[in-house]
Amino acid sequence: MMYTFKFQGDTYKINLEEEGEKTEVEISASGDSTKPDFSSGKSIPIEFQKIDESFYSIIVDGRSIGVGILKKGKKVEVFLGGDLYEFESISDREREKAKGVISGVQEIKSPMPSRVVKILKSNEDVVKEGEGIIVIEAMKMESELKSPIEGKVKEVKVKEGDAVESGTVLVMISSE
Amino acid sequence: MMYTFKFQGDTYKINLEEEGEKTEVEISASGDSTKPDFSSGKSIPIEFQKIDESFYSIIVDGRSIGVGILKKGKKVEVFLGGDLYEFESISDREREKAKGVISGVQEIKSPMPSRVVKILKSNEDVVKEGEGIIVIEAMKMESELKSPIEGKVKEVKVKEGDAVESGTVLVMISSE
Amino acid sequence: MFNKILIANRGEIAIRIIRACRELGVKTVAVYSDADRRSLHVAMADEAYHIGPPAPAESYLVIEKIIDAIKRSGAEAIHPGYGFLSENYAFANICEKEGVVFIGPTSEAIRLMGDKVTARKIAQETKVPLVPGSEGAVSDVEAEVIAKRINYPVMVKASAGGGGKGMRLVRKEEDFKSSLRMARSEARTAFGDESVYIEKFIERPRHVEIQIIGDSYGKVLHLFERECSVQRRHQKVIEESPSPAISDATRKKMGEVAVRVAKAVSYRGAGTIEFILDQNGNFYFLEMNTRIQVEHPVTEMVTGFDIVKWMIKIASGEKLPFSQDDLSIKGHALECRVYAEDPEKNFLPSPGKIEYLRTPSGPGVRDDSSIYNGYEVTPFYDPMLSKLIVWGERREEAIKRMSAALQEYIVLGVRTNIGFLGRTMENEEFIRGEIDTGFIERHPELLPPSLEDVKPALIAAALAMRNSTQEIDTSKQAPLSNWKLLGRKLAVSRGPLI
Amino acid sequence: MFNKILIANRGEIAIRIIRACRELGVKTVAVYSDADRRSLHVAMADEAYHIGPPAPAESYLVIEKIIDAIKRSGAEAIHPGYGFLSENYAFANICEKEGVVFIGPTSEAIRLMGDKVTARKIAQETKVPLVPGSEGAVSDVEAEVIAKRINYPVMVKASAGGGGKGMRLVRKEEDFKSSLRMARSEARTAFGDESVYIEKFIERPRHVEIQIIGDSYGKVLHLFERECSVQRRHQKVIEESPSPAISDATRKKMGEVAVRVAKAVSYRGAGTIEFILDQNGNFYFLEMNTRIQVEHPVTEMVTGFDIVKWMIKIASGEKLPFSQDDLSIKGHALECRVYAEDPEKNFLPSPGKIEYLRTPSGPGVRDDSSIYNGYEVTPFYDPMLSKLIVWGERREEAIKRMSAALQEYIVLGVRTNIGFLGRTMENEEFIRGEIDTGFIERHPELLPPSLEDVKPALIAAALAMRNSTQEIDTSKQAPLSNWKLLGRKLAVSRGPLI
């Protein structure tokens, strides 16, 4: 079966097929024995074993990988070699939709529970992409949230001093 | 509520009651500050908090206990101070039964929201104590509910495929 | 020894103190805010008292609440840990008046060293080197004389300054006059005050500090140095002992100087004298921290001296039975602070729930932490998750051990700097010990993950998607049983990375 | 250094070796039986090969399967760990012939020291003290002469003996003749052979061993001693270094003697010479273990010498750069072996699934283990769950630290000896260092839990029952959310224990 993931703006496809089926293969044993080389073309068996709650052992033709995996709905967090990779699984239908251009109204949401320190723009202000819109504070640190698009401030939904939850919509920007 | 446990051949009773009710009390603050003294007679508040999967924090009038607890059916394993205590919980009914007083009509209720998978007995079937009566499914797991007494099936109140709430009476058994 | 100690702190340091108390046979009292009911320090202590809402200003910083908990519990002494009330001399003073032993220096010593100006004066009086410069604001003429005396490069800094405004780096004498003029002009505009002072500019400064410990009988010893140069936004990230930058002679001199400062305020307990070290091995007094430091474990690992236990013993009246010559450094220790933060997003804190945790273990590895599977990293407190400390026979061995230990770490649910720390352990400059406070800024390439692991991670993600589908299909499966892909074949289409 | 090493073992020692290899930059190859697919050593290694069914005789002990895995993986060397093939000279010999480096001594050294009679002969030739006695079977007259020479008490033992039959302890000369007669008579009945030999009886013997390490260039050093007297059924349970029983002079002499034995067989790698120590400080050669010991970490903790890493370095041809004088003991280390067993049921193994695990941490604490939440303790292998090791400045400190660390341990699902170990740390005789191989038998009171914790445990059980009822009632509750009993009251009826 084909799986499609988004990661840092790029789209990756990966095909897992059952033994016996004819497969297009791109994993092989290679010189470096730590990590499988995923670029050449030999068909190889994979073993995937859950060890505990979120720790998995993958054995690819003798090569062993211990990896942390957390699946939350369409998101898959993979922890490997000290880094957390956040993949977003995309169904076929979503990929179709993604081809349409982004427009309309964009929301600036609070990325974590925080407090609104300063609102830099008011309703109807024209803003550029990447321009600072609002400053929030969490864990004793301030962060400026920026506009994802060029457009106009449609609505500021909070005021300075407000305590907001993760995901709260703070400001809406209209692309027009 | 009164809880009864068997431990190494002895029977222990412990009463947990809600605030405001008059309680027979036997826990008190005492000289030793590590462990509450459970023998004298003062009413004190208890706080019980799950920390992770099986680690709990109990605060008894300021005194703190960190304890590992695992409940498997009627068995409760408690790990405290390096030792594992295996308690067996005895329900009121079992104690009643031990005294030989249960009779009349018994109801088999759904212990949680679930789906009726299979009904194993029909009206008027003679059943033994512990005999399977009905199979339900919840959380991807099937459970067989058994007759608590010897008797006859009086009424099956559901049919296969029914979705039932927690506490729904499924079958009535008469001890006749 | 005390019967019972209250710990006016939370997180890993509260647990560190609980462990020390358990070894000393002392009962512990924890305090906790609403956000900390499920914190480990509460479950590990012998007693626990609730002290209010999550915000520190309403709980851990409220002196009356701490004093109240001390009275309710009957604790004889209080350990403040670091942060919160640890350097609050008013609190230490109240403890003294209430007859509760404050595990740390006298309130007077905290007050003296807590004020930067007083601390500098004490340093000066005890002949401790300070960063060369003018004493306060200077005239144009004085400025140039001083700049010449202390030698270029120098900094011209606005007396009323901050945020880099009214600040000028001057590398050569011929540029001085114009730079001075510009600095004054900027200062006037920004602060309405054109006064400036002159300070020697330290190129690639290193942060090196001396751990000291004093008893109540006038003995003060030092436990050698820690190098804490790897910082981000003035926040230490990697610490080590010994410093790879100083000679035995400098080590000895720094230690002596630090002891002198501490003796000047009759210092009792554990404290740290922080220095700036320049590239020529000159060091200058920065400030004194009158409490246990976050990075104390590296000193414990190389000296075998249990600082937290000795703080408690000293507070209970014990004498330090050692002399300076009894103390020595064996091997090398490193500490990495693991933070819930996103190195790729300018180290933005990443609060949230720790959905899964695996911590490193093994020879020479110590993990001081307070987190667990399911722990909620709240926005209320410092986002430090753990201090990973290793010991090795030599620095290179310690670095390799740290690298191996970081490989064992797994944290899901929040972002961490573990990958960044791991890459730092493999950085050639770091390995050669060429570090200073600008190290992280100079190495942005260490922040994002190397992309060579994206593909195996992707395969893991696909397997997980497939696994979860399977789990739904096979509903009879026991919750923890596993499925096998043994014998199955896998293919990846060419992604954009090849 | 090697590129790749195969580890022909499982469990904690396989993980210990993987960690050493990671620090050395060497790739690791794991092997696993069907029962070990989910074991940590498999996930932590760089490669992993399946070698058969769970039974060791069909997997870990099958030489051809190990050799096959070496060939498939291209590993250049093999580390045997302890147990399994580690002291199998035939295996070491095959490795030598196949051109695979066996990380350990030569097959010849294993063969010589593996045979008890040969080992004794070598010890005798190198003037290493042996337990005094006759050389083999003796006549009645010889027996009495020897008994008198080696001094009473003595043991009369059936040459064909075993299981205590035909064995007599003789404390006084006047009892010798009759005891000898009875022993012969018993031996005749039991084994059809009345020959007996005479051996000095060691009262309250202690088990003390010397760790040695040799390189391929003839240098052999010792890393001082470990005391391993606390045993049950000849299985070590608690080990420490240094021994609380020996003087510096004895330590030196034991070390020299051990090096002499090792040099006699041109010993390479890590090995251990085991001695019996009597109550007067006399020691006698017992046997040599030609491999890494389970209890090696206590030596690593006090010497700072990484034995496993050095085994690998030596096998790859490195020279030991130290001299004996460079080595010293700092502080004191203790190891407790945590077993899945039931001390109350004669230490019966307790296989099963580990339903929950919390492991100790903190300064001076090392936990070498291979278990995790959900790990299945199978009946196929040793029921050791972990080795908990602590270091302290002095023995008393190490004991208190161990005690505190054991308090942090939580294991649900299988029975363990953790409570027993904790009580031992509080036992007066143990604290005074008055231990010998009969310690556990002499202290049955340490086996069952003290009943003072039954009541709090009972309350916890009741709260858990109540909690689970609540969880069913409140079906809307999120899976990990918690309920509070805050403000509720509790009462316990008088149980039979008050």
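Here is the naming used below: chain letters follow the sequence lines, and residue numbers restart at 1 for every chain. The structure presented is a predicted model; accordingly, all values stated were derived computationally and were not measured.
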Query raised in the report: Does the side chain of D:Arg366 come under 3.5 Å of the side chain of C:Ser361 through a donor N or O and an acceptor N or O?
Result: no

Query - Heavy-atom pairs under 4.5 Å with chain C, option from D:Glu397, D:Met301, D:Glu408, D:Gln407 with the top count - result: D:Glu408

**Report entry** Part of D:Leu40 lying under 4.5 Å from any heavy atom of chain C
**Finding:** side chain

Query - Flag for C:Arg37-C:His50: side-chain donor and acceptor within less than 3.5 Å - result: no

Report summary line: Honestly, the part of D:Pro297 sitting under 4.5 Å from a heavy atom of chain C is neither

**Report entry** Proximal component of D:Val308, with respect to chain C [non-hydrogen, under 4.5 Å]
**Finding:** neither

Report task. Return the option, out of D:Arg401, D:Met44, D:Arg358, D:Lys309, with the maximum number of heavy-atom pairs under 4.5 Å with chain C. Result -> D:Arg401

Query raised in the report: Any chance the side chains of C:Ser386 and C:Tyr409 put a donor and an acceptor closer than 3.5 Å?
Result: yes

Query raised in the report: Hey, are C:Glu47 and C:Tyr49 close enough side-chain-wise for a donor-acceptor pair under 3.5 Å?
Result: yes

Query raised in the report: Angle class for the D:Trp310/D:Phe305 ring planes (parallel below 30°, perpendicular above 60°, tilted otherwise)?
Result: parallel

**Report entry** Heavy-atom contact with chain D under 4.5 Å, split by part of C:Asn373
**Finding:** neither

